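Note sheet for the following structure.
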There are 2 protein chains.
Amino acid sequence: MVESSRITARGGTRADARRNRERVLVAARAVFAERGIDAPMATVARRAGVGVATLYRHFPTRDALVRGAYAQQMRTCTRALTDALAAPDPWQGFRHLVETVCALQLEERGFPAAFVAAFPDRTAEYTRARDRAERDFATLVRRAQESGALRTDFHPSDIAVVLLAHCGLATALPGDGAASRRLVAYLLQSFRADAANEPLPAPAALSLRSLPITADGPQGRPSRSSRH
Amino acid sequence: MVESSRITARGGTRADARRNRERVLVAARAVFAERGIDAPMATVARRAGVGVATLYRHFPTRDALVRGAYAQQMRTCTRALTDALAAPDPWQGFRHLVETVCALQLEERGFPAAFVAAFPDRTAEYTRARDRAERDFATLVRRAQESGALRTDFHPSDIAVVLLAHCGLATALPGDGAASRRLVAYLLQSFRADAANEPLPAPAALSLRSLPITADGPQGRPSRSSRH
DNA sequence: TGCCAAGTGGACGCAATCGTCCGATTCGAC
DNA sequence: GTCGAATCGGACGATTGCGTCCACTTGGCA
């Protein structure tokens, strides 16, 4: 995984190309934050100070751009999962993981949509990473349940429910930390074993990979017409 | 306000016009369910078997069409609130209200977006209805808290958090009853007074009317490019 | 049955966005 | 400093959706 390109001495790509790529990513995050993940590609290019063709050369599709823009955040998520597994108290690890991912969804507007959009991604690398994340998370859940803190009827697929719900909230109220924290706190409390006073309905049993997001995905903004 | 048209005896409008209006509403629900609330107006018109101009005459803006399409569901919501207030056990009323609205959000795809989009509506009628709903709901909350079933730190604005989160879930997983029920069950359990084992963060204190939805609203679908 | 306004439908002009093509420019090795 | 190649950026044609205009049809009262 070291030999991706070896033309120009070190780094592989030309210096200006690399610089432009970075500029595009910064601009993409800014534009996505302001106008949503559907913002015109040309807007991103203009903000980055590059031409449209340059943008398309670096990122042939919108998905590629989105993935590139939030790669850092995605890495943070997987690291949070690793940390959670390493934590001495599995419940604290679990709790911290949920809070971290939700905070991430909140702070970088546009990331929530990118996050759920990445689930069904077919890229080999992503498939592997996702499968591993699923396995790790299931392990974390089992440990937290064995420690007696997490209710035993919590199902690993519940995390998808939580993330999708929080994604909806974060998208509707961008940057509203109070609402986000409130929702997360309610949910975490109901996940505690000592809060389980009633049986739950059957788990949704979603596989992260089977989310039908890309099929038609979250529907667009309620409206914005009245331009007359 | 009676003499908008007085040519045709009873009803005010001509029979075929009324029939077309109904056909448009049915088509709108169908199309919104399939392609989201942003579906082209022309598609709705075609499905209804009418021309675009006819559609625009009945519903000058997309918002008007959306409002018309889900007026019935909105009425169901307000009735559910009335019923909840009338219920002998305020907690059961509260619980039933939440479940009803969420079930409604789930069954009629496109309704969730319409529902949250309607919050900041400036129509006089809607403003009045919304204010009344807010007052009634606050009353319901107070009663449920006094009965000892609802935790005392539940804030009326939490309902907005719940509905937005559930809306996100319902939009991402249209028709997935299992996920919806699961989320609602978790949340309802955490609202019980006997589940309150930790203090909550501060409430989001949203007013339904101040939701910044229309400003830029829920961001579009994660992507769908790759048309090449 | 005949009249006329309300109602209807499709075509049209406008605007936004997409993704590609091509000439000009810049990089960096020699 | 020079040259070849990679890169750049704007323009372009195509597609899609919006909302209006206008000529035709239809409903229902006289």
Side-chain angles (χ1 to χ4, degrees), chain A residues 4-25 27-28 31-32 34-66 216 219-228, chain B residues 3-25 27-28 31-32 34-66 216 219-221 223-228:
Chain A
S4 50
S5 54
R6 64 261 111 96
I7 303 292
T8 48
R10 70 187 179 289
T13 49
R14 240 164 65 175
D16 58 337
R18 232 174 313 138
R19 202 180 327 122
N20 272 342
R21 190 191 143 91
E22 265 322 302
R23 277 214 259 167
V24 166
L25 288 180
V31 171
F32 288 164
E34 284 171 15
R35 324 224 334 212
I37 212 177
D38 277 337
M41 301 287 265
T43 305
V44 175
R46 203 172 330 116
R47 170 83 72 119
V50 302
V52 211
T54 303
L55 191 160
Y56 275 103
R57 185 164 317 101
H58 286 297
F59 306 98
T61 69
R62 172 182 239 92
D63 295 85
L65 177 59
V66 169
D216 189 356
Q219 302 181 359
R221 46 186 69 69
S223 87
R224 63 184 152 173
S225 52
S226 73
R227 92 177 50 164
H228 187 250
Chain B
E3 33 52 44
S4 50
S5 54
R6 63 261 112 94
I7 302 296
T8 50
R10 71 189 180 287
T13 51
R14 245 163 60 174
D16 58 335
R18 235 174 310 139
R19 204 181 326 124
N20 272 343
R21 190 191 143 91
E22 266 321 302
R23 278 214 257 167
V24 166
L25 288 180
V31 171
F32 287 163
E34 285 172 15
R35 322 222 337 211
I37 212 177
D38 277 338
M41 301 288 266
T43 305
V44 175
R46 203 171 330 115
R47 171 81 72 117
V50 303
V52 214
T54 303
L55 192 160
Y56 276 103
R57 183 161 318 99
H58 286 299
F59 306 98
T61 69
R62 179 187 294 285
D63 295 86
L65 177 59
V66 169
D216 190 355
Q219 303 181 359
R221 47 187 68 68
S223 88
R224 64 185 150 172
S225 53
S226 72
R227 93 177 47 162
H228 186 250

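Treat the numbers as computed from the prediction; the structure is a model and nothing was measured. Chain identifiers are assigned alphabetically (A, B, ...) following the order of the sequence lines, protein sequences preceding nucleic acid strands; residue numbering begins at 1 within each chain.
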A:M41 has an atom CE; how far is it from atom P of D:dG9, in whole Å?
15 Å

Just to be sure I understand the geometry, which residues of residues 49-59 of chain A put a non-hydrogen atom under 4.0 Å away from DNA chain D?
A:G49, A:V50, A:G51, A:A53, A:T54, A:R57, A:H58

N/O donor to acceptor pairs below 3.5 angstrom from side-chain atoms of residues 52-59 of chain B, sequence neighbours left out:
none

Side-chain N or O of A:N20 less than 4.0 angstrom from OP1 or OP2 on D:dC8?
yes

Atom CZ of B:F32 and atom CG of B:L65: how far apart are they, to the nearest 0.5 Å?
4.5 Å

Heavy-atom donor-acceptor pair, A:R23 side chain to A:R18 backbone, under 3.5 Å:
no

Quick one: A:R18 CZ to D:dC8 P, roughly how many Å, whole number?
12 Å

Residue pairs passing the salt bridge (charged side-chain N to carboxylate O under 4.0 Å, His left out) test where at least one lies in residues 43-53 of chain A, sequence neighbours excluded
A:E34-A:R47

Gap between atoms CZ and P, on B:R46 and D:dT16 respectively (whole Å):
12 Å

Suppose we screen for side-chain contact (heavy atoms from CB on, under 4.5 Å). Which residues come up paired with A:P60, at least two apart in sequence or across chains?
A:A64

Where the side chain of A:A17 is concerned, which of D:dC18, D:dG17, D:dT7 is the nearest nucleotide?
D:dT7

Output the rounded distance in Å from CD (B:E22) to C1' (C:dG7).
17 Å

Considering only C:dC18, D:dC18, D:dT26, which nucleotide approaches the side chain of B:R14 most closely?
D:dT26

Which is true for A:A15 with a 4.0 Å heavy-atom rule: it touches a base, it touches only sugar-phosphate, or it touches nothing?
sugar-phosphate

Find the distance A:R19:CZ to D:dA6:C1' and express it as a whole number of Å.
14 Å

Figure out the CG/C1' separation between A:D38 and C:dT17, and round it to whole Å.
11 Å

Select from B:D16 and B:P60 the residue whose nearest nucleotide in DNA chain D is closer to the 5' end of that strand.
B:P60

Work out which heavy atom in B:A39 is nearest to a heavy atom in B:V31; give both atom names and the distance.
CB-CG1, 3.4 Å

